[in-house]
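In what follows, a structure is listed as structure tokens, so that the remarks can point back to it.
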Amino acid sequence: MFRSIDKKWQERWEKAKIFEADPDEREKFFVNLPYPYMNGYLHLGRAFTFLRGDIIARYKRMKGFNTLYPFAFHCTGTPIVAAAERIAEGEEIQINNLRKMGIPEEEIENFKDPVYWTKHFSEKMIEHLKATGFGIDWRRSFITTSLNPYYNKFIEWQFRKLKEKGLVAIGKHPVIWCPKCKNPVGDHARLEGEGETPQEFTLLKFEFGDSYIIAATLRPETIFGQTNLWVDPEIEYVKARVNGEIWIISKECAEKLKNQEKDVEITGKVKGRDLLGKYVKAPGIEREIIILPSTFCDPDKGTGIVTSVPSDAPDDWMGIYDLQRDKELCESFGLDWNEVKKIKPIPIIKTKGFGDLPAVEICKKLGVRSQKDRELLEKAKKEVYSMGFYTGVMNDNCGEYAGMPVMEAKEKIKKMLLDSKKADIMYEPSGNVVCRCLTRCIVRIVKDQWFIRYGDPEWKKEAHKAVDRMKIIPETVKKQFHYVVEWLNDWACTREFGLGTKLPWDKKWVIESLSDSTIYMAFYTISKYFNEGTIKADIIDDEFFDYIFLGKKTEKDYGVPKEILKKMRKEFEYWYPFDLRSSGKDLVQNHLTFCLFNHTAIFSEKYWPRSFAVNGWVTIDGKKMSTSRGNVTLLKDHVAEHGADPVRMELAFAGEGVDDANIETQFVETVKERLLSWYDFAVNNYGRGRENKMRIDQWFEAVVNNVIKEVDEAMENLMFRTAIQKGFFDLQRNLKWYLRRCGTPNKEVISWFIEVQTKILAPFAPHISEEIWEKLGKKEFISVSEWPEYREIEDEGILRGEEYIKGVINDIREIIKVTKIKGKIVYVYTAPDWAWRVCEIVEKKRNFNDSIKEVMKDEEMRKRGKTVSKLINQLIKNRIFSEKIDEEDILKESKNFIEKEIGMKLEINKDYDPKNKKSLAIPTKPAIYIE
RNA sequence: GCGGGGGUUGCCGAGCAUGGCCAAAGGCGCCGGACUUAAGAUCCGGUUUCGAAGGAAUACGUGGGUUCAAAUCCCAUCCCCCGCACCA
């Protein structure tokens, strides 16, 4: 059923162009989302975010807004190019990736061309989204990069604007670099080491005659604890002239430094063994320390020489431990064992959870045996380093840094060393990175790298302001945005490689993907004119965009009538700013915040974004989707299997807020049944029923009205799970109760309800809703019909009356259950009038003293003294604060129903009362006797 | 460590801002019943413990506190998840 109606309605919608939005006199609603990257099909996670956009768009459309929901395709960056290259090279992994997506063998060839990726995936994505029932204005779609000359001009314009305002700057930047390909190596061009980034090492310079021995460290703050220097006796180091000084470093290091703005010339060789036992002057502390042998010096990491801080570095401690317990070993290196034994770790940092010497302690704790115990040592290092960094405080023996937290001291000490030329900087990848050409990558410092200056304090102020005036859904994320704005620093916005727009004033650079996607939501407002070819790309210039987006005057001839230009400007003014951008939470800390920054820089305040909605990841049965788990489900496959509506319901019900949404796999089946049975019910009951109106009809109307109000509220805040819960599942439950209560429904009420329920369902399950709508004889689409209106409930007593019936039935059942009697007749005695009068007073006063005072003003009540006070006590204790309902009347009207429910005869307020139960009755809780 | 979010009944997941109607919605699972030749679907009831009259006791990470009353407020504490970047 689902799949057959999907197509029918998708085609009709398209034919009727109901999702194509152009300015008119109505109020508008513009919703959008971060466009997806064109290197694969949509999986359920992305689809979840996009669907939130579609649901809110459909809802707003029914609410009477002129609703625009556009979509575009991101092609910027290296992944597509890299992947295409890998296909061209015939790499199995990459080819398999395509196969897994379901791309036929004969087509794989095409993917050698990056442009084919952008075409294929964008076309397919449109197909998949349409098949899922997305109501998108496809006339406005576009791809990014220079492949789209219009977009290209737009981004050029944006960057020139930023530059004019001084928000782009040039500087240096370390990147992961392949020495063979002579190119930066992005994540997707790596065989190994995804996510690894350049890491800064401090090079300590140890005076050694007329040269320096150089050791690299990540922890410059530990210089106060240096006791010796480590070299590997088996390694041959080199002497090199580096920026005019003679350095002793590993050969590998010398090569790397050439890429890091150092002038390097190798002039000689030094054997590690020859350095042993000699002394060097340690920087910062200006102490003579001895050079000792170790096995953990890696010539391909840092300089191949390591300074030793046994107090805080497990490696160093084990190195010393190994030597100190082995006289022969020392002597084999020609070392004086007694000198070696003199070395003692120097406590320099107080770390939380550790004593004076964290390294010594952790080695003991983990049972590290020697410096060759690599696995344990790595673990030890990780713990000591991270604890030391985050919780450590410098000891008294650290001079002016005493008492300073390590986090702070680290930077200061580094700076001091650099300023006094006792140290230098070098970068290494944070982990092993291998280029897909099989070469091990290094770090290169790229000069003339361009940055967007998000670090600028004045700009930050504007961004904060933008956050403040926005609605952020959920609200808690607002704080996060302020935090990100504060913490964000200058962003390297250009790359040497990949698809994109060339930096207009320096064409060797390509603008990277997070930087060319910050204000393109404005582009949607006019992109349909480009797609129609109304205006030619080559004629467009900055003045054009200045006119459209900034309202500046132009007299230029753009080859089109002035009216067209004016229309475009008007269109921008009509749609902008956007009302909502829906996104995954991963983009808070980059894209969404960039979007704000750039809006404040380019647009006037009235065009700043109105709201963001942020959602979590999608998990399946509580497990994260991931390739390794093999549970990445593609939208197209899922829809093909279950049909669009069940999938939409499944996703929308999976979760809300920033918490991860969870799909329970069996839910999709449940939902199918529910939808189908609603279809049957709606079609078979519309316009049928009895004419007379009963209390229960009013009750049902009241319940439904309440739900409409609640659903409205939920929808406005994108709380779709709540909306489905209340607007579908709860309503259905209430419907069941209603039918059970009255047998045949009231014609008017049930018909009204069928419309309401179907409409509430429409944003979530639009196809089946349309199908029902048509069967009801409606001529218009439900997608553009009017959302149900909430009507204020006049008589709250109706709802209470029904609760009362439920309560009585439950009480009777409870008694039967506990006593296990099988009775024939139930006698029910309602509370007397005077008790109700007391109840009403209690309802107003809400506490014992005030109530009793009020009640006792009444002569008649005083006569009942004790009974009355007992009653008040009971009412207050049980929180029975009820306005008056006519219990007897309600019971009488529901007599048949109650008898049917409990399978006994019901007698109301008979004089027969053998067990004296009558007096137990209190308002809303009648006395009951079963026999 | 910083920033953010959490710890609820078998599981998932509401509730917590505005304390009481919360033994705590709903879904799933499980148990019993109806229907059926049977299974499935559907419907009804149950699902902390005790209870021969609608009640009571214990429960919302842990320990305190405020209050007539706390899952909800305050304090302390433990644990979990996410982010800490130049990667779409």
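A, B, ... follow the sequence lines: proteins, then strands. Residue 1 opens every chain.
Residue contacts shown for Asp586(A) are absent, as no nucleic acid heavy atom lies under 4.0 Å away. Nucleic acid contact for Lys585(A): none, since no nucleic acid atom lies under 4.0 Å from a heavy atom of the residue. In this structure, Leu514(A) reaches neither bases nor backbone, as no heavy-atom distance under 4.0 Å exists between it and the strands shown. Among the heavy atoms of the strands lying under 4.0 Å from Tyr929(A) is at least one base atom, whether or not backbone atoms are also near. Arg721(A) comes within contact range of at least one nucleobase, with a heavy-atom separation under 4.0 Å. Across all strands shown, Thr670(A) has heavy atoms under 4.0 Å from sugar-phosphate atoms exclusively, and none from any base. Note on Arg495(A): only backbone sugar-phosphate atoms sit closer than 4.0 angstrom, heavy atoms only; bases stay farther off. Note on Pro174(A): nothing from the nucleic acid sits closer than 4.0 angstrom, heavy atoms only.
Applying the Watson-Crick and G-U wobble criteria (two distances, each under 3.5 Å), G3(B) pairs with C82(B). With a 3.5 Å ceiling on both atom-pair distances, the Watson-Crick or G-U wobble partner of C11(B) is G27(B). Within the shown strands, nothing qualifies as a pairing partner of G19(B) under the Watson-Crick or G-U definition with both distances less than 3.5 Å. Across all strands shown, the partner of A34(B) is U42(B), judged by Watson-Crick or G-U wobble contacts whose two distances both fall under 3.5 Å.
Rounded to a whole Å, the CE atom of Met719(A) is 15 Å from the C1' atom of G26(B). Rounded to whole Å, atom C1' of C87(B) lies 8 Å from atom CH2 of Trp491(A). Across the protein-nucleic acid pair, Gln480(A) atom CD and G4(B) atom P stand 8 Å apart, rounded to whole Å. One can place CE of Met649(A) at 13 Å from C1' of G27(B), the figure rounded to the nearest angstrom. Put simply, CG on Asn734(A) is 12 Å from C1' on A25(B), counting in whole angstrom units. Glu713(A) has its CD atom 13 Å from the C1' atom of A17(B), to the nearest Å. Regarding Phe653(A), its CZ atom lies at a distance of 11 Å from the C1' atom of A25(B), rounded to whole Å.
Of the side-chain N and O atoms in Thr78(A), one or more sit less than 4.0 angstrom from OP1 or OP2 of A88(B). Between Lys479(A) and G5(B) there is a side-chain N or O to OP1 or OP2 distance below 4.0 Å. The side chain of Arg740(A) places an N or O atom within less than 4.0 Å of a non-bridging phosphate oxygen (OP1 or OP2) of G45(B).
One distance of note links CD1 of Ile473(A) with CZ of Arg581(A); it measures 14.5 Å at 0.5 Å rounding. Atoms CG and CH2, from Asp490(A) and Trp450(A) in turn, are 12.5 Å apart once rounded to the nearest 0.5 Å. Taken to the nearest 0.5 Å, the NZ atom of Lys460(A) stands 5.5 Å off from the CG atom of Leu488(A).
In this structure, His482(A) and His464(A) have parallel ring planes: the angle between them is below the 30° cut-off, well short of the 60° mark.
Using a cutoff of 4.0 Å between basic side-chain nitrogens and carboxylate oxygens, Lys412(A) and Glu221(A) are not scored as salt-bridged.
Considering all non-hydrogen atoms of both residues, Thr76(A) and Tyr37(A) come closest at O-CE1, 2.9 Å.
Each of Ala927(A) and Ser517(A) lies near RNA chain B, and the nucleotide nearest Ala927(A) is the one positioned closer to the 5' end.
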